[in-house]
Number of protein chains: 2
Amino acid sequence: MKKYNISVEATLEVIGGKWKPVILCHLIHGKKRTGELKRLIPNITQKMLTQQLRELEHDGIINRIVYNQVPPKVEYELSEYGDTLSEILSSLCLWGEKHIIKKYGDTKDYLEDSVLNH
Amino acid sequence: MKKYNISVEATLEVIGGKWKPVILCHLIHGKKRTGELKRLIPNITQKMLTQQLRELEHDGIINRIVYNQVPPKVEYELSEYGDTLSEILSSLCLWGEKHIIKKYGDTKDYLEDSVLNH
DNA sequence: TCCTTTAGGTACTTTTTGGTGCCTACAGCA
DNA sequence: TGCTGTAGGCACCAAAAAGTACCTAAAGGA
């Protein structure tokens with residue numbers, strides 16, 4: 001029975017770390033296959049990706065959808081509970097864009113183009 | 001010149017990590033002296049506290065106010081730019097509270113009482 | 001004189017986190 | 001038969017983050 005000093009610690013336990021917010025920001029735009037996520041997050045390793053996905057699944061934030069076929073097909077999506085985070089995640093993305101603009105004047109040279117950034 | 005794959009990475013560079021969100025969540029309620037922060041965040045070490053405060057100051061998120069007196073007195077507050085994060089920070093705290101309730105049924109036994117949690 | 005108070009610097013160690021390389025399963029196809 | 005594609009497990013190693021212990025300054029008071 002852990003005691004938190006401030007409630008944000010509980011949030012960080014679930015979505016803290018280097019990769020989880022990135023993964024979740026991709027998932028707010030719809031479900032993704034493992035390989036898609038790997039392409040969207042070029043610097044993540046297979047190990048880190050599956051490790052973080054397992055933890056998010058364990059905390060009820062995402063659903064893992066397994067299709068019984070060969071070669072395997074697995075999709076990940078925000079769960080209903082994970083949806084309660086989507087506003088926060090969007091705000092985090094938006095703030096990041098504004099921060100890049102403030103720091104560099106423009107996002108063009110600093111932000112990979114993709115449907116996610118508009 | 002670093003390139004981000006997704007804008008949330010820029011946000012995490014500024015407010016990511018174990019301690020920064022906690023520190024900032026305390027500062028949204030007004031400026032605090034170093035020692036106050038240490039008391040509010042009992043598990044943080046002196047080193048981590050000042051290190052994180054330096055970085056937040058460097059990124060323009062907080063102001064460091066030094067009173068020229070002995071023994072020293074230093075206060076920290078959200079800067080104007082840091083204020084653009086306060087809505088996000090509040091949402092993170094709120095989500096954490098709801099998460100604790102979902103997980104444990106109640107916050108009473110799991111969350112330290114303080115002005116911050118209501 | 002020396003202790004107290006407050007903020008913070010620094011060298012070193014431990015813990016946590018992340019990365020690499022290699023392994024498996026198995027249907028379909030040449 | 002043997003190659004391809006997809007998801008992911010596992011042992012081991014490297015790097016980054018955090019913790020520990022100890023040090024400083026300087027005014028005021030006992």
Side-chain angles (χ1 to χ4, degrees), chain A residues 2 4-6 8-24 26-27 31-59 61-77, chain B residues 2 4-6 8-27 30-59 61-77:
Chain A
K2 194 198 159 160
Y4 304 101
N5 289 289
I6 185 169
V8 73
E9 290 172 18
T11 310
L12 293 173
E13 253 183 20
V14 177
I15 60 160
K18 183 175 173 182
W19 299 114
K20 282 178 187 169
V22 175
I23 293 169
L24 293 174
H26 284 293
L27 292 183
K31 62 172 177 289
K32 300 268 179 294
R33 293 188 61 172
T34 313
E36 280 184 276
L37 285 172
K38 242 188 295 191
R39 265 184 297 104
L40 288 166
I41 315 171
N43 298 320
I44 203 169
T45 58
Q46 165 83 27
K47 181 191 143 188
M48 277 300 110
L49 180 59
T50 50
Q51 184 180 305
Q52 304 300 302
L53 288 169
R54 290 290 166 283
E55 292 178 16
L56 289 169
E57 190 195 1
H58 174 263
D59 287 324
I61 306 298
I62 63 174
N63 296 322
R64 181 165 181 262
I65 307 156
V66 182
Y67 297 83
N68 252 336
Q69 58 186 56
V70 169
K73 177 178 176 183
V74 176
E75 287 181 328
Y76 294 93
E77 63 177 10
Chain B
K2 196 203 157 153
Y4 304 100
N5 289 290
I6 184 169
V8 73
E9 291 172 17
T11 311
L12 293 173
E13 251 183 22
V14 176
I15 60 160
K18 183 176 175 181
W19 298 115
K20 283 178 186 170
V22 175
I23 293 170
L24 293 173
C25 282
H26 284 293
L27 291 182
K31 62 172 176 284
K32 299 268 178 297
R33 292 188 62 171
T34 312
E36 280 184 276
L37 285 172
K38 241 187 296 192
R39 267 182 298 103
L40 289 166
I41 315 173
N43 298 320
I44 202 170
T45 58
Q46 166 81 25
K47 181 192 143 191
M48 277 300 110
L49 179 60
T50 50
Q51 184 180 304
Q52 304 300 302
L53 288 168
R54 290 288 167 284
E55 293 178 15
L56 289 168
E57 190 195 2
H58 174 263
D59 288 323
I61 306 297
I62 62 174
N63 296 321
R64 181 166 181 263
I65 307 155
V66 182
Y67 297 84
N68 253 337
Q69 58 186 56
V70 169
K73 177 178 175 182
V74 177
E75 288 180 328
Y76 295 93
E77 63 177 12

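Lettering follows sequence order; numbering is per chain, from 1.
Listed by chain and residue number, E55(A) satisfy the salt bridge (charged side-chain N to carboxylate O under 4.0 Å, His left out) test with K20(A) (two or more places apart in sequence, or in another chain).
The phosphate of dG9(D) (OP1 or OP2) has a side-chain N or O of R54(A) nearer than 4.0 angstrom. Dashed line: the shortest gap from a side-chain N or O of R64(A) to OP1 or OP2 of dG8(D) is under 4.0 Å. A close approach under 4.0 Å does occur between a side-chain nitrogen or oxygen of Y76(B) and OP1 or OP2 of dG8(C).
Between N68(B) atom CG and dA25(D) atom P there is a gap of 17 Å when expressed in whole angstrom units. Atom CG in L53(B) sits about 8 Å away from atom P in dG8(C), given to the nearest Å. Taking atom NZ of K38(A) as the reference point, atom P of dG5(D) lies 13 Å away to the nearest angstrom. With rounding to whole Å, L12(A) atom CG is found 17 Å from dT16(C) atom P.
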Measure all distances between protein nitrogen or oxygen atoms and nitrogen or oxygen atoms of nucleotides 16-20 of chain D, and list the pairs falling under 3.5 Å.
residue, atom, partner, partner atom, Å
dG19(D), N7, K47(B), NZ, 2.9
dG19(D), O6, K47(B), NZ, 2.2

Restricting both atoms to N or O, compile the protein contacts to nucleotides 4-6 of chain C shorter than 3.5 Å, with distance only.
residue, atom, partner, partner atom, Å
dT6(C), O3', R33(B), NH2, 3.1
dT6(C), O3', P72(B), O, 3.1

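Within the structure, salt bridge (charged side-chain N to carboxylate O under 4.0 Å, His left out) pairs that include any residue of residues 34-52 of chain B do not occur (at least two apart or interchain).
Note that CG of L24(A) is 5.0 Å distant from CG of L56(A), once rounded to the nearest 0.5 Å. Separation of atoms SG (C25(B)) and CG (L40(B)) is listed at 12.0 Å; rounding is to 0.5 Å. With values rounded to the nearest 0.5 angstrom, I41(A) atom CD1 is found 10.0 Å from Q52(A) atom CD. Here OG1 of T11(A) is found 9.0 Å from OH of Y4(A). Values are rounded to the nearest 0.5 Å.
Across its full length, the helix from dT1(C)-dA30(D) to dA30(C)-dT1(D) shows an angle of 30° between the axes of its 5 terminal pairs at either end, rounded to 10 degrees.
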- List the steps, then state whether side chain to side chain contact (heavy atoms under 4.5 Å, CB included) holds for E9(A) with L12(A). CA-CA 5 Å; E9(A) 290 172 18; L12(A) 293 173; 5.5 Å; no
Please tabulate, for the side chains in residues 63-74 of chain B, all donor-acceptor contacts under 3.5 angstrom to protein atoms that are two or more places apart in sequence or on a different chain.
residue, atom, partner, partner atom, Å
N63(B), ND2, E77(B), OE2, 3.1
R64(B), NE, Y76(B), OH, 3.2
Y67(B), OH, E75(B), OE1, 2.6

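Contact of the N43(B) side chain with the W19(B) side chain is registered, since non-hydrogen atoms from C-beta on lie closer than 4.5 Å. Side-chain atoms of K32(B) and L27(B), non-hydrogen and from C-beta on, do get closer than 4.5 Å to each other.
Evaluated for a side-chain contact (heavy atoms from CB on, under 4.5 Å) with I44(B), the options L49(B), T50(B), V22(B) yield exactly one hit, L49(B).
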